Amino acid sequence: DASSVVFVGLALFMERGVPFAHAFAGYAAILWIFGAVVLVLWPSKPVPQNQVADEADACPPLNSSTLATLPLKQQFSSTEYTLLLLTFSVGMITINFFIATCDLQMQSVDSESAPELNGAFSVLLPLGGIV
């Protein structure tokens, strides 16, 4: 998983003498800065749609989907639902492989702080699902 690059990057900082707490505080600061930038740049009112000269080029309204008018049983048996289910299944498999190997990856980067990292990961992972 590409997100394991974060641990390699943090290990590189710590090898250069950055304390563990400072490395993770910097990593957390990046997320807070990104969130602040998003809040500043977020529009205060909905962005108006451009008028399309040709009706054939216009997007259909969101509530015009034929799938939305079908009963739930038929929605579950539709091709769109099947493809969406397969897409999420593949994503979940890759996430589960990362979670299963996360402790080993952390131990290979820094065996001394791996238990502390694993403990933090064990707490933060469920919290991320709640948020």
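From a predicted model like this one, the values you see are computed outputs, not experimental measurements.
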Handout entry: Partners meeting side-chain contact (heavy atoms from CB on, under 4.5 Å) with Leu72 (sequence neighbours left out)
Key = Gln75, Phe76

Practice task
Output all residues satisfying side-chain contact (heavy atoms from CB on, under 4.5 Å) with Glu116, sequence neighbours left out; order by chain, then residue number.
Solution key: Phe20

Exercise for the section: Indicate yes or no: at least one non-hydrogen side-chain atom of Phe121 is less than 4.5 angstrom from one of Asp103. Expected result: no

Practice task
Report yes if some heavy atom in the side chain of Val109 is under 4.5 Å from a heavy atom in the side chain of Met106; otherwise report no.
Solution key: no

Exercise for the section: Kindly give the cluster partners of Phe13, where membership spreads through any ILVMFWY side chain lying under 4.5 Å from a current member. Expected result: Val18

Handout entry: Remaining members of the apolar cluster that contains Val38, side-chain heavy atoms under 4.5 Å
Key = Phe34, Trp42

Problem - Residue list, side-chain hydrogen bond (donor to acceptor under 3.5 Å, both in side chains) with Thr101, at least two apart or on another chain - result: Gln105

Problem - Inter-residue atom distance Asn118.CG - Leu104.CG, 0.5 Å rounding - result: 9.5 Å

I'd like a table of donor-acceptor pairs (distance under 3.5 Å, sequence neighbours excluded) in which one partner is a side-chain atom from residues 80-88, with atom names and distances.
from	atom 1	to	atom 2	distance (Å)
Thr82	OG1	Ser78	O	3.0
Thr87	OG1	Leu83	O	2.8

